[in-house]
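In what follows, a structure is listed as structure tokens, so that the remarks can point back to it.
Chain A is the first sequence line, chain B the second, and so forth, proteins listed ahead of strands; every chain is numbered from 1.
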There are 2 protein chains.
Amino acid sequence: MNPSVIANTGVSETGASLLSIQREMASVFAEIADLFGNPSSLGAIYGLLFASPEPLSMEEIVERLGISTGTASQGLRRLAEMQAILPKKEDGERVTRYEAKLELRPFVAMFLEQQLLPKIGHSAERIETLKQKLSSIPKDSREELGIRMERASKWHRRAKTFLPLVRKFLGG
Amino acid sequence: MNPSVIANTGVSETGASLLSIQREMASVFAEIADLFGNPSSLGAIYGLLFASPEPLSMEEIVERLGISTGTASQGLRRLAEMQAILPKKEDGERVTRYEAKLELRPFVAMFLEQQLLPKIGHSAERIETLKQKLSSIPKDSREELGIRMERASKWHRRAKTFLPLVRKFLGG
DNA sequence: ACTTCATTTCATTTTGAATTGAAGTGTCCG
DNA sequence: CGGACACTTCAATTCAAAATGAAATGAAGT
């Protein structure tokens, strides 16, 4: 009668249903992580913890998601670094358990600050450098290209002022 | 004395320098495309056209970027679809030449509308569906999970109202 | 109708990032 | 000390997405 056939690792009857919700939540967050250029396992782990009232150990995460210990270990580390989850070493326990922080901010911030801003900054630099090379090309092209690169620079400036705003808005 | 060793396909002395600028610009835009989850060839083609005062044919693009005809063909189609470039079939000419539109809007809009919004919408739906499954789990977990899913829904709603705003701001 | 040449298509190949898993590290407790 | 256990590391593997390139298509000119 239990519809879930997979990896019933000592979880109670009703637990199976909770597990299916947790797996679905993991899958939803996996998609989102992927959308933002993160490994989907990151999202899956976060999603599972998000849908877990009780903190989970790495072993439980590995079990419930069917991922490898390596992936879980690295994923947990990155999530902790980006402050999306909270590791809790309980008193006399051997294991570390993790719980999801429920704010969106860490996710968004991590993406904006670690991915977007640096890369935008980097390409802005490259364009500045290019502007200087312009002097060495024929006059006709030079003028038009100068205009275009100025335009590209403008985009970058706008993005740089705008992104922190996004962060503020979504971060609350 | 010419520093450029690669694929000098009958381009004049000064042209080599222009070519190097175009290649660098292609590379900058390739990175940006990649950052937004698009194939980097898309960015490269757009970057080349952006740094090209004269419209270019597919053959010229293939030559200058060293990509295959297949990649060029598909890339040009997608760029034209997203209105980032303009195909110009000249009077009695065989070839189609392409020029870059210089606005950022098509790029941003394409990303927001084709990638972000639909996927955000999709995961919002999945979470709504999940909310209904909540009734079948034990009371204690149910309450906490209900709160969390409500929170997740809130994020999605916020994102959905906010993204069109981004579009308007960057799109000008 | 035939040739030529630009372009598209798509089965195959390449590439690179994510994942695996087994060996290694460290730590706790008897 | 030593063995059990939680976790980390990293070389090897997997896998999906992108790129290739040769064959198919199609449009122009003769």
In whole Å, I'd like the distance from the [atom1] atom of [X] to the [atom2] atom of [N].
X	N	atom1	atom2	value
L65(A)	dA18(C)	CG	C1'	15 Å
E60(A)	dC7(D)	CD	P	10 Å
E90(A)	dT27(C)	CD	P	20 Å
Q74(A)	dA6(D)	CD	P	20 Å
R78(B)	dT8(C)	CZ	C1'	16 Å
E93(B)	dT4(C)	CD	P	20 Å
L79(B)	dT8(C)	CG	P	13 Å
L76(B)	dA19(D)	CG	C1'	15 Å

task: Please figure out whether L42(A) or T96(B) has its closest DNA chain C nucleotide nearer the 5' end.
output: T96(B)
Between [options], which nucleotide has the shortest distance from any of its atoms to the side chain of [X]?
X	options	value
T71(A)	dA19(D), dT19(C), dC5(D)	dT19(C)
R94(B)	dA6(D), dT20(D), dA28(D)	dA28(D)
M58(B)	dT19(C), dC10(C), dT7(C)	dT7(C)

- prompt: Can you tell me which stems DNA chain C forms when a stem means 3 or more consecutive Watson-Crick or G-U pairs under 3.5 Å?
  reply: C:1-30 with D:1-30
field: Pair S17(A)-S136(B), side-chain donor/acceptor within less than 3.5 Å
entry: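 Result is yes, a qualifying pair exists.
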Would you please confirm or rule out a distance under 4.0 Å between OP1 or OP2 of [N] and any side-chain N or O of [X]?
X	N	answer
S40(B)	dA19(D)	yes
S41(A)	dT19(C)	yes
R77(B)	dT9(C)	yes

Treating [X] as the side-chain partner and [Y] as the backbone partner, does any N or O pair qualify as donor plus acceptor under 3.5 Å?
X	Y	value
R23(B)	R64(B)	yes
E99(B)	L86(B)	no
S153(A)	M149(A)	yes

Hey, does [X] reach any base, or is it just sugar-phosphate, or nothing, if we go heavy atoms under 4.0 Å?
X	value
I67(B)	sugar-phosphate
T69(B)	base
E59(A)	nothing

message: Reading DNA chain D from 5' onward, which residue's closest nucleotide shows up sooner: G92(B) or N38(B)?
response: N38(B)
message: Reading DNA chain D from 5' onward, which residue's closest nucleotide shows up sooner: G70(B) or K89(B)?
response: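 Residue closer to the 5' terminus by nearest nucleotide: G70(B).
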So, [X] and [Y], do they make that salt bridge, N to O below 4.0 Å?
X	Y	answer
R126(A)	E31(B)	yes
E144(A)	R148(A)	yes
E128(B)	K131(B)	yes

task: Determine whether more than 12 heavy atoms belonging to other residues, nucleotides or ligands lie under 6.0 Å from atom CD of E150(B).
output: yes
